[in-house]
S.K.: 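Input: one structure, supplied below.
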Amino acid sequence: MTALFLLDHASVLIFALTGALVASRAQLDVVGFAFIACLTAVGGGTVRDVLLDRNPIFWIANPSFIATACAAALLIFFTAHLFESRYRLLLWLDSLALAVAVPAGVGTALAMAQPLPIVVIMGMVTGCLGGLMRDVVCNEVPLVLKQGELYVTAAFAGSLAAVAVSLITRQELFILTACAGVTWALRAGSLAFGWRLPVYRSRPPRA
Amino acid sequence: MTALFLLDHASVLIFALTGALVASRAQLDVVGFAFIACLTAVGGGTVRDVLLDRNPIFWIANPSFIATACAAALLIFFTAHLFESRYRLLLWLDSLALAVAVPAGVGTALAMAQPLPIVVIMGMVTGCLGGLMRDVVCNEVPLVLKQGELYVTAAFAGSLAAVAVSLITRQELFILTACAGVTWALRAGSLAFGWRLPVYRSRPPRA
Amino acid sequence: MTALFLLDHASVLIFALTGALVASRAQLDVVGFAFIACLTAVGGGTVRDVLLDRNPIFWIANPSFIATACAAALLIFFTAHLFESRYRLLLWLDSLALAVAVPAGVGTALAMAQPLPIVVIMGMVTGCLGGLMRDVVCNEVPLVLKQGELYVTAAFAGSLAAVAVSLITRQELFILTACAGVTWALRAGSLAFGWRLPVYRSRPPRA
C-alpha cells in the first residue's frame, strides 16, 4: 500500500511537470498551467479508477495529489525559461513519468486481484492516458503515437514483466521495480538510441 | 435542491446553444446539431457525476435534460443565420453557460459534503469540460486554452468565491450567486475589456 | 443475453479492424495497432457501461474481448497492404461496426429496463463514441462529423426503430434485427448513394 501511494505521488508529480511544460509551449497563464498539469497528472489514474470502480477516486480520497500537481505547475511557470530545450526536457520527464505510472497502475490492479490481462491493461491505461489527454487537449502530436518510437510498447513490456515476476514472487517491491525498470529502459533506449519496432509502411500514408 | 436543479437545467440549455452554434460552423445536419449540443450540454456534469460516483447520472435520472438540449439544437438550426456574428454570440453564450455551470458543480459537491479542494475542482470540471469536449470533437481551438483570456481562471475564482462564502453562511442562494457573479464578471471582463493574467512567454512557442 | 454477448463480440471485432486500419494510415508499430484497435473496439461500450454504472465493465468481466481486438489488430498489420483502398475498406467496415454496436447498446439498456430516451442515447453512445475516440486520438476528421453523411443520424434512426419494435414485441431478436437493419441501411445508403439530410449552410463556415 505505501509503495503504491508513493508511486501514485511520484507519477502525479512528474506528469504534472510535463503538463506544465506543454502549457508553456501553448503560452497559457498560470491557472492554465495548473489545469493542464492536473489533467495530465491524474488523467490516467482517474480512468483506471473509474474502469475498476474504485471509490472514491484516488485524488478525491486524498486531495494532496492536487496540491502536488499545482506546485509542479508553479515551479515550471517560473523556471521553464532556464532550460536549454523545453521539448527535450519534456520527453525525458515524460519517460520517467511513464516508468512510475505503469507500475502504479499494475500494482493497483494486482492489489485488487484482477485477472492478469486486466493488470496489463491497467498498467498501460495508467501510464499512457494522462499524457494522451494532455496532447489531445493541447493539440500536440500525441507522444503515444509518434512513429517509430517505443511508448505504448514500453508500457506493455513493463506490464508484462510485472505480471511475469508476480507469478514467481509476491514481493511487491520486486514486481514494481521490474515493471518500472523494463518500462523506462525501453522508453529511454528509444529516445537515446532510436530503438524501435518495425512500423507499418507498405503504402504512402493517408491514401 | 431546487436551485441546483434549475442551475443544471440552465447550464444544459445554454451550453446546448453553444454546441449547436459550433455545429453550425462545422455545417452539420440537424442530428449532428443535436449530438454536439447534447455532448456539450451534459459533458461537464457527466464527468462530475462519474468522478463523484453519483448514481444515476443527472440526465439518466431525468431525461428531460436531453429534451432541453435537443430543443436548443433545433432552435439554433433554424435561427443561426439571423445573427450578425455567430462567433461573437458563441463567445457570450459560452460565458453565460460557464457562469451557471460552475455554481452547478460547486453546489453539487457542497451538497455531498466533499472536502473544499474537491468542491473547487468540481466547479471547474463542470464548467470547463463540456466546452472542452465540444471544441476537441469539432476541432476548434478550445476556448479553455485561448491565450491571454480568463476562462479556467474565471471558473477557479468563482469556485473559490463560493467556498469562501460557504465558510461564512450556509445559505445556498448566497453561495451560488457569489460563484456565478465572480465567474461571469471575470469571463465577461476578459471578453469585453481584455482582462488577463500574464502568460508564459519567455521563448518562441513550440521550440 | 447470448444475442447481446454475440453483438458485443462482433462489434469489438469489427471496430478493432477499423482501428487497426486507422493505425496503418498513421504508420504505427504493431503494439500501436493493438492500442488503437482496443481503444476503438471497447471505447463506446465502456462509456455506456460507465454511464449506466454497470460493474464490472464488459471487457473487465470477460477479457476475451481484448484478445479479439488484439487478434484483429495483428490480422490488419499483416494484411492491410493487400487491399486496393484502405480508406474505402475502413468506411465499409466502420458502417458494419456501427450496425452491430448500436443494437448492442440498445439491447443492454433495454435489458436494464432503462427509460426509452436513455435506450436511444445508449445506442448512439455505443455506436458512435468508439469511432470518435479513434479519430480524435489519431487526428483524423471524425467520421461522425463528416458533412452531409448519415452517421449519427443512422444510429439515431436505428435506435428509434428498436424502441418502436420493443413497444410491439418483446422478442429480442426482432428488436435487435430492426435496429441493425435500419442503422446499416441508412449508413450504407449514405456511403453508396449519397443519402443525406440537409446541412446547415446559411453562411460561409468559420465566419
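Order of the sequence lines sets the chain letters (A, B, ...), proteins ahead of strands, with each chain counted from 1. Remember, predicted model here, so these are calculated numbers, not experimental data.
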S.K.: Quick one: what part of Ile66(C) sits under 4.5 Å from any heavy atom of chain A, side chain, backbone, both or neither?
M.R.: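 Contact with chain A is through the side chain of Ile66(C) alone.
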S.K.: Mark yes when over 12 heavy atoms from residues, nucleotides or ligands other than Trp184(C) sit less than 6.0 Å from its CH2; otherwise mark no.
M.R.: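 Not more than 12 within 6.0 Å, no.
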S.K.: Which residue out of Val136(C), Val137(C), Val30(C), Thr46(C) racks up the most heavy-atom pairs below 4.5 Å with chain A?
M.R.: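 Of the candidates given, the most pairs with chain A belong to Val137(C).
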S.K.: Might you point out which heavy atoms bring Leu129(A) and Phe35(C) nearest each other, and give the distance in Å?
M.R.: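 For Leu129(A) and Phe35(C), the tightest heavy-atom pair comes out as CD2-CZ, 4.2 Å.
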S.K.: Which answer fits Leu197(A), side chain, backbone, both or neither, if we ask what part of it has an atom under 4.5 Å from a heavy atom of chain C?
M.R.: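 The answer is both parts of Leu197(A).
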S.K.: Most heavy-atom pairs under 4.5 angstrom with chain A, which of Asn55(C), Val50(C), Asp53(C)?
M.R.: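 Heavy-atom pair counts peak at Asn55(C).
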S.K.: What part of Leu39(C) lies closer than 4.5 angstrom to a heavy atom of chain A: side chain, backbone, both or neither?
M.R.: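 For Leu39(C), there is no contact with chain A at all, as no heavy atom is under 4.5 Å.
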S.K.: Please classify the contact of Phe78(C) with chain A as side chain, backbone, both or neither, using a heavy-atom distance under 4.5 Å.
M.R.: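 For Phe78(C), there is no contact with chain A at all, as no heavy atom is under 4.5 Å.
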S.K.: Tell me, side chain or backbone of Val144(A) under 4.5 Å from chain C's heavy atoms, or both, or neither?
M.R.: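 The side chain, not the backbone.
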S.K.: For Phe156(C), does the CZ atom sit with more than 12 other heavy atoms under 6.0 Å from it, leaving out its own atoms?
M.R.: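 Atom CZ in Phe156(C) is not crowded, with 12 or fewer foreign heavy atoms closer than 6.0 Å.
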S.K.: Please classify the contact between Phe77(C) and chain A as side chain, backbone, both or neither, with a heavy-atom cut-off of under 4.5 Å.
M.R.: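 Phe77(C) touches chain A through backbone and side-chain heavy atoms alike.
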S.K.: Which atoms form the tightest heavy-atom contact between Asp29(C) and Pro198(A), and what is the distance?
M.R.: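 Closest pair (atom of Asp29(C), atom of Pro198(A), distance): CB-O, 3.5 Å.
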S.K.: For Leu116(A), which atoms come within 4.5 Å of any heavy atom of chain C: side chain, backbone, both, or neither?
M.R.: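 When you check distances to chain C, no heavy atom of Leu116(A) falls under 4.5 Å.
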S.K.: Identify which part of Leu132(A) has an atom lying under 4.5 Å from any heavy atom of chain C, answering side chain, backbone, both or neither.
M.R.: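 Side chain only.
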S.K.: Is Glu149(A) close to chain C through its backbone or its side chain, or both, or neither, when contacts mean heavy atoms under 4.5 Å?
M.R.: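 The backbone, not the side chain.
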S.K.: State, to 0.1 Å, how close Ile118(A) and Ile60(C) come at their nearest heavy-atom pair, and which atoms those are.
M.R.: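 For Ile118(A) and Ile60(C), the tightest heavy-atom pair comes out as CD1-CA, 3.7 Å.
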S.K.: What pair of heavy atoms forms the shortest contact from Thr153(A) to Val31(C), and how long is it?
M.R.: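 Heavy atoms of Thr153(A) and Val31(C) come nearest at OG1-CB, 3.2 Å.
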S.K.: Does the side chain of Ile36(C) come within less than 4.5 Å of Leu145(A)'s, by heavy atoms?
M.R.: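 Sidechains of Ile36(C) and Leu145(A): in contact.
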S.K.: Non-hydrogen atoms of chain C under 4.5 Å away: do they reach the side chain of Val152(A), the backbone, both or neither?
M.R.: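 Its backbone and side chain both get close to chain C.
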